[in-house]
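Numbering of ligands and ligand atoms starts at 1, following listing order.
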Amino acid sequence: MAANSASKMVTSSNLVVCTSLLLMMLFFEVTLCSVTYDKKSLIINGQRKILFSGSIHYPRSTPEMWEDLIQKAKDGGLDVIDTYVFWNGHEPTPGNYNFEGRYDLVRFVKLVQKAGLYMHLRIGPFVCAEWNFGGLPVWLKYVPGISFRTDNAPFKVAMQTFTTKIVQMMKNERLFESQGGPIILSQIENEYGAESHDFGAAGHAYLTWAAKMAVGLNTGVPWVMCKQDDAPDPIINTCNGFYCDYFSPNNRETKPTLWTEAWTGWFSDFGGPVPHRPVQDLAFAVARFVQKGGSFTNYYMYHGGTNFGRTAGGPFITTSYDYDAPIDEYGLLRQPKYDHLKELHKAIKSSERAILSADPEFISLGTYEQAHVFSSRTGGCAAFLANYHINGSATVTFRKKRYNLPPWSISILPDCKNVAFNTALVGSKTSLINMLPTNVNRLRWQTFSEDVSSVDIESKMINSGLLDQLSVTRDTSDYLWYTTSVVINPSELHGNGVPTLTVNSEGHALHVFINGGLAGSAYGNEETRSVSFTGNANLQAGMNKIQLLSVAIGLQNNGPHFELWKTGVLGPVVLHGVGHVSRDLSHYKWSYQVGMKGEYRNLASPMGVSSVDWTEGSLSGQQHRPLTWYKAYFNAPQGVEPLAIDMKSMGKGQVWINGQSIGRYWTAHAKGSCTPCNYAGTFRPTKCQTRCGEPTQRWYHVPRSWLKPTQNLIVVFEETGGDASMISVMKRTIR
Ligand code: GAL
């Protein structure tokens, strides 16, 4: 009976095979559903495997996009989907969990299972990932006595509670491969190696504890720790990087060589250029890894997606997390990257038996030319012919045949005779991206301005001296107002030139208001997060109000004790040119107000949008008006193409559609000069860039599923000033 129903379930999918075996074996009280490993590879249900995997982070797209992304990954030749688990998305306040919508982890894993793919679940729960606070909840910082990622009891208790919860959730749904589910691998911690050495004995104790805690959860599948060369057994140390052919795990004789992050491109920062990685170089790196015996490659990212809301970490990470991945931010195939990797996977899969049955034999074919040959009686023969010269092609002789090898390339010969693939020879065309206009432009905007003069009146918190921003906001908003007043005698205003104000902040952006008017703004950047402002102070005799609006642009997401990094105005704040001496305002009484009025009135949501009086009428002359909210309604553009909102005419702020946050926008121009991405001729390994001299990010993804056919509410909060009349929605097409 069991065998009968099982045989009906057998499809091409390995997972279903395992489920059916499990059913059959239950009869004999044996299970074949298992993941183990040896020095060659992971072993799934008794079989060694070469696996290709791709990172798709579930909250970086919408549930409506997931199935298509996973299918595209499968069609691209992937076997595994990899994701981090995002603790701060799942537990926004202590004990209150969120597994809905974009955070519906079980649904995501089940879609991977439905597609017949495996899953690598990188629980962390520290994840880095250019994600706010590296994935750890901000409330965790305020647990008494806590210290992150070290031998600290409050941290370990919290980490164990969350990790156990996730593992139990997966077990309850039978999602581990040992239960017939798709999860073949899990990760604990993330790139802790460097820190564990810095933290000395405490680091080592924590690492050992984390490993034991994870293994003790009895998932029945292996755990990895990436970039952890002393990962305790049975945990596998794995590689992250642009190239991993130099990598060898500890206990090489018993552990396979796994690459958990093969970087397909890179992330971008507001004000920086957009990085790219030519697929020829990526394919070369992967072939190099496999020829040296690597058996698991995860592309980080395969689909990067979008940092919706305030999920971007950094600081300064853009809302787009496109990453130059094989599937672009919008879910469209990026060519030739996608197809070229697909061909690479095919060639390696045709060589799989040979690779997994023998150790590679190295043969030098010249100064820059090499062969790696996998040959055995049982597995047949496969060869990799490499040319490491960055711009000279070569002709080599291998087994009496001549082969031409383009520069910086590897040819794969699944039968040791015929070339199935060369990493530098790209067959498919480059995709042409078009952003086309839709009916959504020249909207009828209404405006609402923040009343700067009433900020301190509404504030309930006063302190002598300057406070760290996070300790006041607890990250409930990007914005914190610091307000103080200064009394000036008429005599002090004369004879010393124009008074100036200097403000020093730990970051990330600052807008300075003096007596209600914007005196200027200053911004940190990826290299220097702190901000220093000096500007003329338009003071009057009598009382003067100084208001500093400090803006966070994503919290630090890595580094030793990143939880201790400060944000906001910590001073000194000094007035010069008033009277005879400079006046240090740092120790004055400051009142604190978290967030914009529009935020606590919930203006961005359909529920709260009517809670203020909006002004209708022409926007002309308003381009330079700071701290302004804009709202309009629009009908969804026809068609199925992905949509983006063009914010080129605006400055910096946030945008929402139907109450869903599209994310932060900022049209800061990319500084520096870009290394061009032309692969041919002069070879550019790894990274090259685009968008120098233009806004790093101009278009912001609007998921189709967030739109209704008519009457969609768009709300924009602009910090410094912009021309909202030019905002439009575009369709993204790719040819
Ligand atoms: C790695 C890290 C990832 C991500 C990546 C850069 O070092 O493990 O989480 O931050 O760098 O995109």
Side-chain angles (χ1 to χ4, degrees), residues 53-60 81-89 120-136 148-149 185-198 207 210 223-229 231 235-244 246-247 249 258-270 272-277 282 285 296-307 311-329 526 554-560 562 565 686-687 689 696-697:
S53 169
S55 291
I56 301 178
H57 294 158
Y58 52 98
R60 286 178 155 144
I81 302 297
D82 159 302
T83 184
Y84 281 130
V85 175
F86 297 87
W87 185 359
N88 54 12
H120 175 204
L121 198 64
R122 304 175 82 191
I123 301 179
F126 168 74
V127 297
C128 190
E130 292 68 72
W131 191 261
N132 199 40
F133 224 41
L136 299 182
F148 282 12
R149 304 177 72 210
L185 208 58
S186 294
Q187 180 177 301
I188 193 76
E189 251 297 340
N190 190 78
E191 295 193 338
Y192 187 62
E195 259 133 290
S196 67
H197 295 306
D198 285 0
L207 155 76
W223 288 90
V224 302
M225 280 183 159
C226 58
K227 286 182 109 168
Q228 190 73 55
D229 51 22
I235 296 193
I236 310 166
N237 170 33
T238 64
C239 186
N240 294 343
F242 285 108
Y243 302 99
C244 275
Y246 58 84
F247 173 79
L258 315 181
W259 189 358
T260 35
E261 292 180 27
W263 295 324
T264 53
W266 200 243
F267 57 85
S268 50
D269 306 286
F270 286 117
V274 174
H276 299 269
R277 184 176 192 189
L282 177 58
F296 174 99
T297 304
N298 175 65
Y299 296 103
Y300 187 101
M301 301 293 299
Y302 198 73
H303 168 255
T306 309
N307 294 316
T311 59
F316 307 112
I317 305 292
T318 52
T319 293
S320 169
Y321 197 63
D322 178 86
Y323 222 91
D324 199 29
I327 305 178
D328 78 7
E329 175 179 5
E526 195 241 339
L555 300 180
Q556 185 66 24
N557 66 277
N558 62 13
F562 67 86
W565 292 40
T686 61
K687 288 193 274 181
Q689 304 93 14
T696 307
Q697 188 175 356

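Not a single donor-acceptor pair under 3.5 Å links the side chain of E526 to the backbone N or O of G272.
At a heavy-atom cutoff of 4.0 Å, ligand 1 is surrounded by Y84, V127, C128, A129, E130, N190, E191, N240, E261, W263, W266, F267, Y300, Y321, Y323.
Contacts classified as salt bridge (charged side-chain N to carboxylate O under 4.0 Å, His left out) and involving residues 260-269 (residues at least two apart or in different chains) are given here: R122-E261.
Aromatic ring centroids of F242 and W266 lie under 6.0 Å apart. A distance below 6.0 Å separates the ring centres of F86 and Y58.
Cys pair C244/C239: SG-SG separation is below 2.5 Å.
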Q. side-chain contact (heavy atoms from CB on, under 4.5 Å) between R277 and Y323: does it pass, once the steps are laid out?
A. CA-CA 9 Å; R277 184 176 192 189; Y323 222 91; over 6 Å; no
